[in-house]
Amino acid sequence: MKKILFLLVLTLVSLPTWAKVNVITTTSDLAALVTEIGVDKVSVTSLTKGTRDPHYAQAKPSMIRKVFRADLLVVIGAEMEVGWLPALLRSSRNSKVSPGNTGYLDVSEFIELKGQISVPVTRDMGDVHAAGNPHYWLDPANGILMAKAITERLAKLDANHTQFYQDNFNKFKDKLARKILQWKADLQHFNGQKIIAYHTSLLYLAGAFNFDVRGYVEPKPGLSPSASHLNQLIKTIKAESIRYLLMEPYYETRSAQLLKRKSEINYIVIPQSVGAKANIKTYFDLFDEIVSALKAVEK
Amino acid sequence: MKLRQSLTLSLLIGISINSAVCIAQPTSMNLQQNKNPMDIGISALFATGAASKGNSTITNLQGGGHDPSKIGFTLQNLELTLGGAVDPFFDAQTNIIMLLDDEGEAILEIEEAYLLTKKLPAGLQIKAGQFYTEFGRQNKLHPHSWAFVDQPIVLSRLLGGDGLRSQGARVSWLSPLPWYAEIFVGIQNAKGATGNSFLSAGHGHDDHADEGAEEETKEYPINGSEDFLYSARWLNGFDFSESVSANLGFSGVWGPNANGIEAEKDLRTAIYGVDLYLKWQAEKSSRGFPFVSWHSEYLYRNYEEIEEDVFTRKDSGWFSQFSYGFKPGWVAGLRLEMADSNEEDEHAINGDERFRTALNLTWLPTEFSKIRLQYNYDDADHVGEAVHLLWLQFEYNLGSHAAHVF
């Protein structure tokens, strides 16, 4: 009896949300952008949390249920979700949100991707995506393009609120443009700074703030660092007097500590996504945190 | 038959070479991949082993059709996977397996080949073709996704060395319950090599108790709906937290078996199972590590046989396995398992009391390759003494990206 009551209450509680556009995103950054545009006209859930590498997510059963009920599925694309989204889509049996339909938005189609490879890709190159590097949300200028794609798709699915979405987009765009100037001013001294990155994922961040990436901790994208590669890297760091190593919070810090001991490089943990730290709730918070992490070591 | 096999083989190899060329070409200018009309991949699984007893013993111990089962080298599984969207209405998946038998002859199997609907209403989905019966968690896993080099004993015994799979159809329904709950109901042919416990024609490593049935199955008359295999599964999924998720499933499969043909009696088999899978993945994980998973299944079979009278043989068994991904690319595993039967003949290869422990260490340099070392301690009544086995397994994957299964 209690259970039945609970179910009833649950149904009633969830009724009003049916009127909203039910948006599912593959990452927390996309969810944050959908929230900026859709505000209270949408309900948003991200399938993955910002504390993990979204490339290695797994199609959990609870995700099947979420995608089954979605009106719109927003994905990073460029093979970011290649390991788990196809299987999830097959199990979710929601043709509205399968590729090629209005309910499926691959945001990478609206972005000029870095790292597109013009020679035939082989897996000897490591975890390289032929379509280009999928970590494009880390360039705040791309945030505008991403939000625009989301705005247009929401307007298509929910035409009654087109003006609402458009207004929110304009507000978001203006604020982000202002913030970008501020972030760039804050990181002025990083302009042209030589850095080492852990993985190729920081390519866009480096592009946005003009860091000069001189090497990677991973010998090839997705491969664990070997001793010989680290030794080589130490030589590079010393020869070029590189002062900073940037890495995401989910990577092991042993290699970074080793590099620090042997070359006195500083390593800076960069939150790479909304939700990577509990206080990063919006797309603006993300870059505020990145900027303050970088400023903190600069003395 | 041999000729046809080798023809098909060369055809398959031809296809895979051509498609490999096709994949390599369009990368120069495309912004988006996934422009190939289908995903093509090949996965190869090899093993080499040593044991404290000779081949005549370990061939019987390693009951799975894709288990390494001899001292020396084994090609366990060479699997060609072709899949993708057929059209707006159907997805499809085809897995063709090749392996080499003891004589080095190639064996070809259609592991799975099925259509999956995309547009049915109300959370319904139909799968039709040749496919693994929805029974438990392990039965559906292809050998390259196993956490150990070999199949759990109870599955080899009750569901068969190649897993329980056949031609048919199944409907699944994603329920509107507030947690993930899916119900699968299937009907498949009970006859065929991979219908162990039912109208199997006998394939792989046979239980001598089934030898009588082997000859007779070809004559088993299919008269109507009672001669098919019916299956039902209720699968639940729970997220206890962001890091801990679980699956709990209940399965049953029912159908005729061939033991009563001579006596013109309709004898039946029923198998029941419960499976639990629990996984923890660290809040901050890189490449999916670190993680701990625990996968356990219990199976029970009522298997009607005839001697002077109809006699119900009751078999059961369980396995429980832990995997600990302690750092990116490294997994340690422990599996405990038992199987038993009310079969009185303690020398029955598939009916004796048996206990096995396996320990392994797996290194995954990338998502596309794997090296695994495994030790088995195997205590089977029919052998009379414990057997020690050591396996080294190697896997490579070419082509389409393997799925990250939960």
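Keep in mind that the numbers below use all heavy atoms, side chains included, and drop hydrogens, waters and symmetry copies. Throughout, a chain's letter reflects where its sequence line sits, starting with A, and its residues are numbered from 1. Not measured: the values here are computed from a predicted model.
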Measure distances from [X] to the heavy atoms of chain A and classify the residue's part below 4.5 Å as side chain, backbone, both or neither.
| X | result |
| --- | --- |
| A85(B) | neither |
| L398(B) | backbone |
| L174(B) | both |
| S243(B) | both |
| P176(B) | both |

Partner chain A: residue of [options] with the largest heavy-atom pair count (under 4.5 Å):
| options | result |
| --- | --- |
| S175(B), A181(B), A282(B), S286(B) | S286(B) |
| T366(B), L235(B), L124(B) | L124(B) |
| G329(B), G84(B), G123(B), P88(B) | G123(B) |

Any chance you could measure [X], atom [atom1], to [Y], atom [atom2], to the nearest 0.5 Å?
| X | Y | atom1 | atom2 | value |
| --- | --- | --- | --- | --- |
| K119(B) | S95(A) | NZ | OG | 3.5 Å |
| Y180(B) | K66(A) | OH | NZ | 14.0 Å |
| S224(A) | K327(B) | OG | NZ | 7.0 Å |
| Y251(A) | K284(B) | OH | NZ | 14.0 Å |

Minimum heavy-atom distance between [X] and [Y], given as atom pair plus value:
| X | Y | value |
| --- | --- | --- |
| Y56(A) | G288(B) | CB-N, 3.8 Å |
| L223(A) | P365(B) | CD2-O, 4.1 Å |
| R52(A) | S285(B) | CD-OG, 2.9 Å |
| S62(A) | D239(B) | OG-OD2, 2.5 Å |

If you count heavy-atom pairs under 4.5 Å between each of K96(A), E252(A), K60(A) and chain B, which one has the most? K60(A)
Per-residue tally against chain B (heavy atom, under 4.5 Å) across D53(A), I64(A), L85(A), T51(A) peaks at T51(A)
Using a 4.5 Å cut-off on heavy atoms from C-beta on, say whether the side chain of R287(B) contacts that of Y250(A). no
Would the number of heavy atoms belonging to other residues, nucleotides or ligands and lying under 6.0 Å from NZ of K114(A) be above 12? yes
Check the surroundings of atom CH2 in W294(B): do more than 12 heavy atoms from other residues, nucleotides or ligands lie under 6.0 Å from it? no
Could E182(B) and R65(A) be called an ion pair, given the rule that one side-chain N must be under 4.0 Å from one carboxylate O? no
If we ignore angles and hydrogens, is there a donor and acceptor under 3.5 Å between the side chains of R93(A) and S172(B)? yes
Applying side chain to side chain contact (heavy atoms under 4.5 Å, CB included), run through K49(A) and E283(B) and close with a yes or a no. CA-CA 9 Å; K49(A) 238 188 149 186; E283(B) 186 87 357; 2.6 Å; yes
Under 3.5 Å, is there a donor-acceptor pair between the side chain of Q125(B) and the main chain of R90(A)? yes
